[in-house]
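Throughout, protein chains are lettered first and strands after them, A, B, ... in sequence-line order, and every chain is numbered starting at 1.
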Amino acid sequence: MADEKKLPTRAQDFSGWYNELVVRAELADYAPVRGCMVIRPNGYGIWERMQRQLDDMFKETGHQNAYFPLLIPQSFLQKEAQHVEGFAPETAVVTHGGGKELDEPLVIRPTSETIIYSMFAKWVQSYRDLPLLINQWANVVRWEMRTRLFLRTLEFLWQEGHTAHATEAEAEDETRRMLGVYRDFMEGWMAMPVVTGRKSESEKFAGALRTYSCEAMMQDNKALQAGTSHNLGQNFARAFDLTFQTEAGELDFAWNTSWGVSTRMVGGLVMTHGDDNGLVTPPLLAPIEVVIVPIYRTDEDRERVIAAAMKIKESLGAWERRSPARLRIHVDAREGIKPGAKYYEWELRGIPLRMEIGPRDLDAGQAVLVRRDTREKRPYPLDTIGESIHELLSAIQDNLLETARARREANSVRGDVTYERFREIMDGDGAFVYAGWCGSGECEAKIKEETKATIRCLPDDEFRSAVAPTSCLRCGEKSVAEALWAKAY
RNA sequence: CGGGGUGUAGCGUAGCCCGGUAGCGCGCUUGCUUCGGGAGCAAGAGGUCGCCGGUUCAAAUCCGGCCACCCCGACCA
């Protein structure tokens with residue numbers, strides 16, 4: 001009878017587990033339009049914290065926010081050949097406005113390179129106007145065939161950074177710098193370890209010179225592309241006549257970069273840390289860090305326990321006194337729901353720490369704290385509870401990252417792998433496989449066709465194997481690059 | 001767009017083959033008893049049976065058309 005209340009387990013049905021968890025934890029809900037989602041307060045609260053942190057990091061690296069329009073003239077998209085080829089099939093197009101057919105259809109932005117660089121062209125004249133470092137928080141629409149909450153929806157929220165530089169080297173530095181910012185954020189705040197590296201030609205952004213990405217391993221051993229950073233070269237500058245006068249007085253095209261992360265990260269968070277009891281949120285991103293569940297029998301006890309809970313919340317969470325170390329605490333004072341039911345609910349929602357407090361605890365001057373990650377439960381003295389909570393939260397944050405990293409390493413395969421073995425792996429549990437690649441798009445395409453696995457990236461130094469693979473995974477020719485292979489979302 | 005499937009209360013479903021009062025579980029409301037790991041009892045509220053048409057005295061049920069959604073393929077942050 002309790003089965004209805006339980007989630008499917010990850011081992012049974014990973015994608016069923018994900019779908020139900022997202023809905024039951026009230027992170028998001030299905031919208032009336034196919035492929036669209038409503039992000040509910042629980043999910044939006046996590047996104048808001050992601051935004052706040054990333055926004056600070058963008059500002060620290062010298063970027064400013066701006067906002068460009070949702071609607072883009074269709075002709076803009078067509079100015080960059082690769083770009084239109086990549087995005088045209090998945091655009092939504094507005095053909096009518098005010099009851100009349102428009103002279104030129106308007107595309108709902110699938111990404112904003114075109115409109116942003118067209119504006120940059122107006123603003124940049126001299127090398128003195130560079131670099132121009134802009135970010136925007138926006139929604140974009142891509143008409144995907146198969147959608148899943150957070151991972152792939154027709155409309156999603158993201159940030160897109162767009163910059164213009166005087167030299168190629170500067171643009172490349174910027175591209176790598178922002179990839180590093182993403183990695184810091186994903187590991188430091190999301191506790192989600194990533195492999196960074198360069199995309200192969202077939203996987204790079206439509207219109208880019210080079211694309212770099214952060215690839216995270218989900219608990220089903222599939223890869224999630226969690227963020228991308230593109231060196232656009234002068235491709236868009238040429239398309240939109242984004243020129244500037246150099247110090248030497250010559251006219252040159254600017255060098256652009258663009259980089260983005262989206263609400264997809266919320267899905268990555270779920271699939272990295274969630275367990276069979278529900279979501280597990282890293283403390284730094286949890287809208288509520290500690291939930292207090294008061295326990296009582298009589299009205300008298302109730303009054304006493306709730307008063308104590310409110311006092312704890314106030315002393316640890318009060319704005320004036322503890323900022324910036326104040327804690328985000330919620331007291332679950334709902335009546336008519338037994339404590340056990342509340343435990344399950346807050347576990348499903350992934351709140352990092354639960355405090356149970358009842359008359360027995362108050363008499364003993366203590367409260368019981370339960371970790372969401374390990375479910376470890378023990379009493380702590382009330383007079384130093386603030387310190388205990390801070391320690392536990394930071395232990396949880398660290399443990400989540402370590403656990404995720406250990407899991408990824410345990411499911412990574414390095415060294416010489418035969419193609420036969422590779423196929424077994426991809427047919428079975430999957431893995432991150434680091435293997436040699438001859439560099440041909442043909443081998444890459446064949447492998448994708450035969451195994452569904454793709455090159456997630458050509459990993460950066462620190463992720464490469466100690467001994468470089470010598471031959472291509474499939475054709476056996478000389479390897480020109482070590483590639484990270486996996487099935488992807 | 002090709003193949004398969006499903007539409008009945010907020011959610012999950014039974015009933016359809018064989019036409020005749022639309023049922024169950026969860027959730028919701030109210031009251032009482034409960035409350036340290038998903039409470040119990042009692043009384044309630046809630047339905048154009050996806051839509052349109054046909055057959056029939058009578059359609060959730062049979063027939064036709066349409067729509068939507070889900071799963072599997074081709075495409076993807």
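Dashed line: the shortest gap from a side-chain N or O of A:Arg142 to OP1 or OP2 of B:C75 is not under 4.0 Å. Using a 4.0 Å cut-off, no side-chain N or O of A:Lys342 falls inside it from OP1 or OP2 of B:G37.
Every stem involving RNA chain B, taken as at least 3 paired positions in a row under the Watson-Crick or G-U wobble test at 3.5 Å, is listed here: B:1-7 with B:67-73, B:10-13 with B:23-26, B:28-33 with B:39-44, B:50-54 with B:62-66.
A:Tyr30 has its OH atom 19 Å from the P atom of B:A68, to the nearest Å.
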Polar atom pairs (N or O), protein with nucleotides 28-33 of chain B, under 3.5 Å:
none

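The same atom, C1', is picked in B:G4 and in B:U61; the two are 24 Å apart, to the nearest Å.
An aromatic stack links A:Tyr344 and the base of B:G38, using centre distance under 5.5 Å and interplanar angle under 30°.
For the residue pair A:Leu348 and A:Ala25, the shortest heavy atom distance occurs at O-CB, 3.7 Å.
Among the protein residues, A:Lys377 comes within range of the nucleic acid bases, having at least one heavy atom under 4.0 Å from a base atom. Among the protein residues, A:Arg302 comes within range of no part of the nucleic acid, since none of its heavy atoms lies under 4.0 Å from any strand. A:Phe205 comes within 4.0 angstrom of nothing in the nucleic acid, heavy atoms only.
Not a single donor-acceptor contact under 3.5 angstrom links the side-chain atoms of A:Arg146 to the base of B:G73.
For residues 355-369 of chain A, every residue pair satisfying the side-chain hydrogen bond (donor to acceptor under 3.5 Å, both in side chains) rule, not counting sequence neighbours, is listed here: A:Arg304-A:Asp363, A:Tyr343-A:Glu356, A:Arg354-A:Glu356, A:Glu356-A:Lys377, A:Asp361-A:Gln366.
In this model, no donor atom of one side chain and acceptor atom of the other lie less than 3.5 Å apart for A:Arg407 and A:Asn221.
Using cut-offs of 30° and 60° on the angle between ring planes, the pair A:Tyr419 and A:Phe422 is parallel.
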